[in-house]
J.: 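The structure's right below; bear with me while I get my questions together.
All values reported here derive from a predicted model rather than from experimental measurement.
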Amino acid sequence: MATMVVALGPIHDIKDFDCGNDELNTYLVTTAGQHQRKFISKTYVLAEEEHLHIVLGLYTSRRGE
């Protein structure tokens, strides 16, 4: 199972993601995409190479960092 870190995109199934932290789960579903489009932050997700739509983890950084 090879994994990849890629930028969050429309192919990712974020509704079923659960990292155990409700605030982070909510951020991913409701805010991460908006912030990317507004150039506030960039979110990267960890996914299996064969199943890129399934999000295993996430990392968000503010623009310029």
J.: Can you hop from Tyr59 to Ile54 via hydrophobic side chains spaced under 4.5 Å?
T.: yes

J.: Please collect all side chain to side chain donor-acceptor pair (under 3.5 Å) contacts where either partner lies in residues 38-47, sequence neighbours excluded, each pair once.
T.: Tyr27-Ser41, Thr43-Thr60

J.: CG/Asp18 to CG/Leu28 distance, rounded to the nearest 0.5 angstrom?
T.: 11.0 Å

J.: Starting at CD of Glu23, measure out to OG1 of Thr31 and round the result to the nearest 0.5 Å.
T.: 11.0 Å

J.: Between OG1 of Thr26 and CG of Asn21, what distance do you get to the nearest 0.5 Å?
T.: 8.5 Å

J.: I want to check something: taking the side chain as every heavy atom from C-beta on, are Phe17 and Val45 in contact at a cut-off of under 4.5 Å?
T.: no

J.: Determine all donor-acceptor pairs shorter than 3.5 Å in which one atom belongs to a side chain in residues 2-13; sequence neighbours excluded.
T.:
residue : atom : partner : partner atom : Å
His12   : ND1  : Gly9    : N            : 2.9
His12   : ND1  : Gly9    : O            : 3.3
His12   : NE2  : Leu52   : O            : 3.4

J.: What residues, two or more places apart in sequence or in another chain, satisfy side chain to side chain contact (heavy atoms under 4.5 Å, CB included) together with Asp22?
T.: Asn25

